Protein chains: 2
Amino acid sequence: MTTLRAQKKRQTRKSILQAAIRLFTEKGFEQTSIEELARAAGIGKGTIYGYFATKQEIFLAFCEEEIDYVFKHMDEEVDPEAPLLEQIVALSMAQFDFVTANREFGRLFCREIAFPRESMADKSRELDAQYLGRVMQIIQRAQQRGELHADADPLLALANFHAFYLMVISGWYGGYFGTREMVATMLRALCRQSLIGWSNGDPGTAPDQKVMDQIKAPFAEMNPAALDLQEDDL
Amino acid sequence: MTTLRAQKKRQTRKSILQAAIRLFTEKGFEQTSIEELARAAGIGKGTIYGYFATKQEIFLAFCEEEIDYVFKHMDEEVDPEAPLLEQIVALSMAQFDFVTANREFGRLFCREIAFPRESMADKSRELDAQYLGRVMQIIQRAQQRGELHADADPLLALANFHAFYLMVISGWYGGYFGTREMVATMLRALCRQSLIGWSNGDPGTAPDQKVMDQIKAPFAEMNPAALDLQEDDL
DNA sequence: AGTCGAATTCGACTGCGGTCGACATTATCC
DNA sequence: GGATAATGTCGACCGCAGTCGAATTCGACT
């Protein structure tokens with residue numbers, strides 16, 4: 001018995017999401033007010049809060065829709081028989097491209113995923129499970145075909161690669177890696193280095209030294225220079 | 001010639017920061033309104049915006065004050081002669097303890113540091129340079145005394161360890177690591193594993209298997225289960 | 001000292017996220 | 001089918017971050 005009420009509710013929820021997709025894409029998340037969204041969905045402002053508790057929650061629902069779409073394509077782009085390093089880098093960079101397609105959007109997304117507020121933790125975990133699950137799959141396949149040590153801990157490997165992914169995105173937003181190429185190079189260098197400890201045989205080609213130098217340039221002065229305290233207290 | 005104006009300006013800035021430290025500590029960042037802050041600092045609301053462009057900026061300035069204080073103590077706790085693994089873990093966990101002393105505060109801090117908005121990028125870089133600089137120092141010392149391969153790239157090592165730090169904090173906020181012990185164990189396991197590839201000789205004792213199992217438990221079902229798309233479109 | 005321009009202070013005002021309680025619609029029970 | 005409870009809907013309203021222009025204070029120059 002799908003009651004009339006339940007039907008309407010689903011319909012309204014969909015209207016909101018469709019309006020969200022349109023407006024967020026058109027004018028961005030922060031630039032779209034709840035009132036606007038409600039009007040576009042053909043309902044009153046207060047009604048929205050019967051479906052989503054906060055604006056952030058609408059954002060996450062929006063992401064879910066988008067990311068479903070993206071992952072469908074992503075799966076086609078990663079060759080399941082390529083070396084582990086290549087698969088990891090390809091998948092991570094695909095995710096990176098999606099996230100940073102719109103800088104502003106990506107920052108909000110990363111914040112919500114990496115450091116979710118209590119109330120969003122479940123939704124957030126659900127979302128990056130999409131990504132983590134795929135990495136895990138890649139790792140397990142690599143282990144099955146003997147590319148990874150048999151006694152290597154897959155979960156530790158997953159955490160390892162996920163850490164690198166997080167770091168390069170953070171570095172991108174922090175301005176440490178200015179270009180996509182630098183991000184890719186750094187990611188690959190990190191994964192490769194760690195695979196030396198994890199894998200049997202050659203983990204992959206070394207990173208491009210020119211790009212690495214480019215990355216390093218701004219860190220020239222980071223030796224012991226970080227300690228200059230000001231003294232103008234009281 | 002320190003003009004009267006400049007003196008007043010510095011004084012007012014300090015009043016704001018002192019009020020911020022008191023109020024943010026007492027009732028939290030989100031619970032403190034700009035108006036309140038202004039009143040506590042003995043000035044009008046609008047005046048604050050002559051000193052800080054946004055509320056976030058006040059937050060970062062507040063963090064700066066706090067973190068200066070924390071780092072002074074932190075330096076005393078890390079033994080510069082201990083094995084690299086121990087130093088990295090000790091420093092990272094000290095930072096972790098500081099950041100998560102107040103869960104709410106820490107989340108805002110991490111978001112601002114890891115994924116800063118354009119306008120905050122400089123301030124944000126300046127802040128984590130405090131942390132990164134110390135890690136770098138530890139790495140370089142380890143390399144000098146031969147614990148790390150001479151041809152290991154220090155910057156890559158820095159990125160490597162920073163990635164792990166970011167990941168465990170993110171995991172903590174995402175609810176993957178419920179306790180401090182789990183965070184420490186995971187961090188140590190990751191660092192140790194990567195040091196196998198980086199270092200000469202034994203990188204350190206293996207992680208506590210019981211805690212690792214504890215961490216793994218929730219991931220039992222993460223094999224290929226991440227792919228269930230809903231089909232209620234149109 | 002007196003005057004003018006620049007810097008600073010201030011609170012009323014705007015816009016927005018989120019709440020609330022009055023009202024409307026649908027389900028349930030006799 | 002009619003009465004009552006449960007569930008949805010709505011926009012006026014609240015609190016707060018950030019803006020703006022009028023008013024005030026300060027420094028420089030005569």
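These numbers come from a predicted model, not from an experiment. Scope of the values below: all heavy atoms of this structure, side chains included, with no hydrogens, waters or symmetry mates.
There is no side-chain donor-acceptor pair under 3.5 Å between Tyr165(B) and Asp128(B). Neither side chain, Tyr173(A) nor Thr100(A), offers a donor N or O lying under 3.5 Å from an acceptor on the other.
With a 6.0 Å cutoff to the six-membered ring centre and a 45° limit on the axis angle, Lys55(A) does not count as a cation-pi contact of Tyr49(A).
Rounded to an integer number of Å, the gap from CZ of Phe52(A) to P of dC16(C) is 20 Å. Taking atom CD on Glu57(A) and atom C1' on dG18(C), their separation rounds to 13 Å, with Å as the unit. Computed from coordinates, the Gln11(B) CD to dT8(C) C1' distance equals 16 Å when rounded to whole Å. Following rounding to the nearest Å, Glu30(A) (CD) and dC16(C) (P) show an atom-to-atom distance of 12 Å. Rounded to whole Å, atom C1' of dC26(D) lies 13 Å from atom CD of Gln7(B). The CZ atom of Arg10(B) sits 14 Å away from the P atom of dT8(C) (whole-angstrom rounding). If you measure from atom CD1 of Ile16(B) to atom P of dT8(C), you get 13 Å, rounded to the nearest angstrom. Nucleotide dC16(C) holds its C1' atom 13 Å from the CD1 atom of Ile58(A), rounded to whole Å.
Here the side chain of Arg125(B) pairs a donor or acceptor atom with the backbone of Gly174(A) at under 3.5 angstrom. Of the possible polar contacts, one joining the Ser194(A) side chain to the Cys191(A) backbone as a donor-acceptor pair under 3.5 Å is found.
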Under 3.5 Å, which protein N or O atoms sit close to an N or O of nucleotides 11-16 of chain D? Give each pair with its distance.
| unit_1 | atom_1 | unit_2 | atom_2 | d |
| --- | --- | --- | --- | --- |
| dG11(D) | N7 | Gly46(A) | N | 3.4 |

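Tyr51(B) comes within 4.0 angstrom of sugar-phosphate atoms only, judged by non-hydrogen atoms across all strands, and of no base.
Nearest to the side-chain atoms of Lys8(A) among the listed nucleotides dG18(D), dT25(D), dT25(C) stands dT25(C).
The partner of dT30(D), taking Watson-Crick or G-U wobble pairs whose two distances both stay under 3.5 Å, is dA1(C).
Ring centroid separation for the pair Phe29(A) and Phe109(A) does not come in under the 6.0 Å cut-off.
Tyr51(B) is linked by a ring-ring contact (aromatic ring centres under 6.0 Å, His included) to nothing, counting only residues two or more places apart in sequence or in another chain.
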